[in-house]
Amino acid sequence: MDYKDLADLIFPDAKPIAYYEEKYPERNLPEGAIVTRFAPSPTGFVHIGGLYQSLIAKTMAEKTGGVFFLRVEDTDQKREVENGVTDIVNSLKDFDMPPDEGMISDSEEIGNYGPYKQSLRKDIYQAYAKFLIEQGKAYPCFCTPEEVDHIRKKQESAKIRPGYYGVWAKCRNLTVEEAIEKIKNGEKYIVRFKSPGREDRKIKHKDVIKGNVDFPENDQDIVIIKADGLPTYHFAHAVDDHLMRTTLVIRSDEWLSSVPLHLQLFASLGFRPPKYAHISPIMKNDNGNKRKLSKRKDPEAAVSYYREQGIPADAVKEYLLNIANSSFENWRRANPDKDIKEFDFQMNKMSVSGALFDMVKLLDISKNVISKYDANKVYTESLKWAESYDNELKDILSNKEYSIKVLNIERGKAKPRRDISKWSDVKYCIEYMYDDKFFNNRDEYEFDKISDKEEIKKILKLYISKYYNEADDQTTWFSKIKDLAEELGYAREVKEYKKEPEKWPGHVGDISTVIRVAVTKRRNTPDLYEIMHVLGKDSVEKRINLLAE
RNA sequence: GGCCCCGUGGUCAAGAGGUUAAGACAUCGCCCUUUCACGGCGGAGACAUGGGUUCGAUUCCCGUCGGGGUCACCA
């Protein structure tokens, strides 16, 4: 009896690997095209780090005329979560980064290299596992989890390197006959890789991002097929990325230390290994320590958070790109209106250490992004957000025509207003422009320098009866406020007042502040002229008369 | 603990054997301005540390310290 008999006994129905090699041929792509992927497990919400990886992957694929695909790594049913795949698909959609190939819904996929869900690829993994067993490069292991655990404890107490390797790998040296007998006796087993490595030898790896990294060879006989017949990550990675013809594996740098194993697996299977790019995760400052953004502790770790907050996807992508290539910022300044796809992203310029997540910076970028949107887009986007997260804002925005006028205040100019950094800011920014809200607002008026009620009344009364004219252009409008100031004994020009402040009780700015507060209940607003213009005569008069009468 | 990676202002970061060590965000001040926002100008603020190598090191090498990752029938 030989390895072949053993392999046939374990995987009697597996196809020869030639079948799959033929079914999934080399891709016909231009020279230098990068085939890469996002390969998450459906174990919960999509992490910002996953989005970051996808952005980089998608960018590289697009840049080189390659392929970006989505593969779902659902080989651990225990950790699987309901709607996991749908969440992943939708998240990519939300950020306008749909894959060229792979899963497009919970059950549908596109592309010729599928299935793209690992649980559907069981036969394929088993075929390759069988192939390894036939060659004596893998073997059934009958150790129970308890035994393995016991071995580990022994190693730990003896202070030797833990793991299933060398003399500790009990089942590695079972004869074919012994193994076959155990199987026939019904003993449970899993399949382990028979590592050809030696710990005292080094291997060289050149990572696209990390550069040259040398490791000891892998000598662990890792599990490749679990008790449930599904592969472990390592084995699935080798088989899938070979069969899907991945050329560049972009993944989080927690995988860096598995590279020796993965390279060994590729070699043993006779595959050409892909290139690897291990990216540093996005970190968070936690009491002075850096740690990865955590799904449990940090709401901003979930990509859904940004949608909930109303931070546009464009802004999140710009922020991420900025972390990845800091030259992006300069490029953006030089090319304020270009699509980010035109940015010449350089993978090898990525930082090797993890960046701390900076919400303040993100919001600044977001503010810039939004400031470039026209009123129409701001309207559409904030309404879309409000429909899911803010009914009050949704109501406010129900008058489309008026709302667009409101949102257009100081917008669309060379130096547009920057005051909205997320859609959840919109309500505060505009609510006073709506009579419903304004007249139901119970807040006190907070006047500034001129706070005497009678004086305010006097100013407003005179303004509304003598100086306010809706038809005035901005210059006339303001010169009339100056006239008003003068008539009431205030300085007509702020500059004059500043020269001799004792000469007047205040200046034209103080007068306009009174009007501003009366009209908006705010001390700080965009341009008052535009505001009054958008509000219209009736509303302005009503608001002023409220205090003037 | 073993192995691996990393260490430039508060944050993201550029950078090169010789630089006044960029820029952005944040912060502070001033200017502009009827408020705010925008914009302009300016300030403060950094090469973790100790040894080498060198005429010269923040840059190269080694150690130390600090941070991170990894050591599963999880990915």
Side-chain angles (χ1 to χ4, degrees), chain A residues 39-41 43 73-76 78-79 118 141 143-145 148-149 152 156 159-164 188-192 199 205 207 210-211 213-216 220 222-228 230-234 236-237 251-260 278 280-281 283 285 288-292 319 322-323 325-330 332-333 349 351-365 367 371 410 413-420 429 448 478 481-482 485 493-494 507-517 520 522-529:
Chain A
S41 315
T43 54
E73 310 223 325
D74 58 343
T75 54
D76 185 3
K78 292 185 293 285
R79 296 203 311 155
Q118 289 182 332
C141 169
C143 295
T144 62
V148 173
D149 204 48
R152 157 161 277 100
E156 275 166 8
K159 296 214 155 77
I160 45 184
R161 195 163 50 88
Y164 204 88
K188 294 260 176 289
Y189 61 92
I190 44 112
V191 181
R192 284 186 186 271
E199 214 254 348
H205 164 64
D207 194 84
K210 305 274 180 188
V213 190
D214 295 352
F215 293 97
Q220 301 274 343
I222 58 112
V223 175
I224 58 176
I225 302 289
K226 300 183 285 185
D228 59 8
L230 286 168
T232 53
Y233 170 85
H234 304 106
H237 156 53
R251 47 145 64 155
S252 165
D253 72 359
E254 71 202 57
W255 293 110
L256 188 60
S257 56
S258 305
V259 164
H278 287 95
S280 312
M283 316 286 278
N285 189 320
N289 289 336
K290 267 187 172 185
R291 53 149 237 258
K292 276 208 287 187
Y319 174 65
N322 198 264
I323 288 182
N325 269 191
S326 63
S327 56
F328 175 79
E329 214 160 38
N330 291 326
R332 175 46 91 208
R333 213 167 316 122
K349 294 233 171 99
S351 168
V352 283
S353 54
L356 244 29
F357 182 83
D358 187 349
M359 184 59 92
V360 176
K361 178 98 181 180
L362 202 207
L363 290 178
D364 180 72
I365 287 174
K367 222 183 248 191
S371 75
E410 289 187 48
K413 306 186 167 161
K415 288 170 185 170
R417 189 167 187 81
R418 296 211 300 139
D419 52 0
I420 300 171
C429 289
D448 195 9
F478 194 54
I481 295 179
K482 288 181 176 176
E493 305 290 343
V494 179
H507 55 75
V508 62
D510 299 320
I511 297 294
S512 68
T513 295
V514 169
I515 300 172
R516 181 187 313 280
V517 174
T520 65
R522 297 266 175 92
R523 277 193 208 170
N524 304 332
T525 75
D527 182 70
L528 184 57
Y529 173 78

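What you are looking at is a predicted structure, and each value in this text was computed from that prediction instead of being measured.
A:Phe357 and A:Leu362 make their closest contact through CZ-CD1, 4.1 Å (heavy atoms, listed as atom of the first residue, atom of the second, distance). Between A:Asp253 and A:Ser280, the closest heavy-atom pair is OD2-CA, 3.7 Å. The shortest non-hydrogen separation linking A:Val148 to A:Cys143 is CG2-CB, 3.9 Å.
Under the side-chain hydrogen bond (donor to acceptor under 3.5 Å, both in side chains) criterion, A:Arg516 pairs with A:Thr525, not counting sequence neighbours. Scored by the side-chain contact (heavy atoms from CB on, under 4.5 Å) test, A:Arg418 finds A:Asp364, A:Lys367, A:Asn368, A:Ser371 as partners (sequence neighbours excluded). When the side-chain contact (heavy atoms from CB on, under 4.5 Å) test is applied to A:Ser512, the partners found at least two apart in sequence or on another chain are A:Ile481. Applying the side-chain contact (heavy atoms from CB on, under 4.5 Å) test to A:Ala485 and every residue at least two apart in sequence or in another chain returns A:Tyr490, A:Val508, A:Ile511. The side-chain contact (heavy atoms from CB on, under 4.5 Å) search around A:Glu329 returns A:Asn322, A:Arg333, A:Lys361, not counting sequence neighbours. Contacts of A:Asp149 classified as salt bridge (charged side-chain N to carboxylate O under 4.0 Å, His left out), with partners at least two apart in sequence or in another chain: A:Lys153. For A:Phe215, the ring-ring contact (aromatic ring centres under 6.0 Å, His included) criterion is met by no residue, not counting sequence neighbours. With sequence neighbours excluded, the residues forming a ring-ring contact (aromatic ring centres under 6.0 Å, His included) with A:Tyr189 are A:Phe142, listed by chain and number.
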Next on the checklist: Treating primed atoms plus P, OP1 and OP2 as sugar-phosphate and everything else as base, which nucleotides of nucleotides 37-45 of chain B get B, S or - for protein heavy atoms under 4.0 Å?
Outcome noted: BSS------
So which protein nitrogen or oxygen atoms get under 3.5 Å of nucleotides 73-75 of chain B's nitrogens or oxygens?
| residue | atom | partner | partner atom | Å |
| --- | --- | --- | --- | --- |
| B:C73 | O2 | A:Ala227 | N | 2.9 |
| B:C73 | N4 | A:Cys143 | O | 3.4 |
| B:C74 | OP2 | A:Lys226 | NZ | 3.1 |
| B:C74 | O2' | A:Asp76 | OD2 | 2.9 |
| B:C74 | O2' | A:Arg79 | NE | 3.3 |
| B:C74 | O2' | A:Arg79 | NH2 | 3.4 |
| B:A75 | OP1 | A:Thr75 | OG1 | 2.8 |
| B:A75 | OP1 | A:Lys226 | NZ | 2.6 |
| B:A75 | OP2 | A:Tyr233 | N | 3.2 |
| B:A75 | O4' | A:Arg79 | NH2 | 3.4 |
| B:A75 | O3' | A:Ser41 | OG | 3.2 |
| B:A75 | O3' | A:Glu73 | OE1 | 2.9 |
| B:A75 | O2' | A:Ser41 | OG | 2.6 |

Are there any protein N/O atoms within less than 3.5 Å of an N/O atom in nucleotides 12-16 of chain B, and if so, which ones and at what distance?
| residue | atom | partner | partner atom | Å |
| --- | --- | --- | --- | --- |
| B:C12 | OP1 | A:Leu356 | N | 3.2 |
| B:A13 | O3' | A:Ser326 | OG | 3.3 |
| B:A13 | O2' | A:Ser326 | OG | 2.9 |

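Atom name P, nucleotides B:U58 and B:U8: the rounded distance is 15 Å, in whole Å. Atom name C1', nucleotides B:C73 and B:G69: the rounded distance is 23 Å, in whole Å. B:C30 and B:G67 have their P atoms separated by 41 Å, given to the nearest Å. For B:U20 and B:G2, the C1' atoms lie 47 Å apart once the distance is rounded to whole Å. Taking the C1' atom of each, B:G7 and B:C31 are spaced 40 Å apart, rounded to whole Å. Here, B:A14 and B:A22 have their P atoms 15 Å apart, quoted to the whole Å. Comparing B:A26 with B:G68, their C1' atoms are spaced 25 Å from each other, to the whole Å. Comparing B:A24 with B:C62, their C1' atoms are spaced 36 Å from each other, to the whole Å.
Contact annotation: side chain of A:Ser512 to base of B:U34, donor-acceptor pair present below 3.5 Å. A:Arg516 contributes a side-chain N or O that forms a donor-acceptor pair with the base of B:U34 under 3.5 Å.
To the nearest 0.5 Å, the span separating CG on A:Asp448 from CZ on A:Arg523 amounts to 4.5 Å. Annotation: the span from A:Asp74 atom CG to A:Leu230 atom CG amounts to 8.0 Å, rounded to 0.5 Å. The NE2 atom of A:His205 sits 6.0 Å away from atom CG of A:Leu256, with the distance rounded to the nearest 0.5 Å. For the atom pair CD1 (A:Ile225) and CD1 (A:Ile190), the distance works out to 10.0 Å, reported to the nearest 0.5 Å.
Residue-nucleotide stacking is present for A:Phe478 and B:U34, judged by a side-chain ring centre under 5.5 Å from the six-membered base ring centre and planes under 30° apart.
Residues A:Thr75 and A:Lys226 meet the side-chain proximity criterion, which asks for heavy atoms closer than 4.5 Å.
Per the geometry, NZ belonging to A:Lys159 stands 8 Å off C1' belonging to B:G1, to the nearest Å. Taking atom CZ of residue A:Arg291 and atom C1' of nucleotide B:G69, one finds them 15 Å apart after rounding to whole Å. Rounded to whole Å, atom P of B:U33 lies 10 Å from atom NZ of A:Lys482. A:Phe215 places its CZ atom 9 Å from the C1' atom of B:U70, with the value rounded to the nearest Å. Going from atom CG of A:Asp510 over to atom P of B:C36 covers 12 Å, rounded to whole Å. Across the protein-nucleic acid pair, A:Gln220 atom CD and B:C4 atom C1' stand 15 Å apart, rounded to whole Å. Atom CD1 of A:Ile481 and atom P of B:U35 are 12 Å apart (whole Å). Between the CG atom of A:Leu362 and the P atom of B:A26 there is a distance of 13 Å, given to the nearest Å.
Paired regions of RNA chain B, where each region holds three or more successive Watson-Crick or G-U pairs whose two hydrogen-bonding distances fall under 3.5 Å, are B:1-7 with B:65-71, B:10-12 with B:23-25, B:27-31 with B:39-43, B:48-52 with B:60-64.
Picking from B:A26, B:C4, B:U34 the nucleotide with the shortest atom distance to the side chain of A:Asp527 gives B:U34. If you check B:C5, B:U35, B:A24 against the side chain of A:Thr513, the one that comes closest is B:U35.
Contact annotation for A:Val360: backbone-only contact, meaning every heavy-atom pair under 4.0 Å involves sugar-phosphate atoms and none involves a base. Backbone-only contact: A:Arg333 has heavy atoms under 4.0 Å from sugar-phosphate atoms and none from a base.
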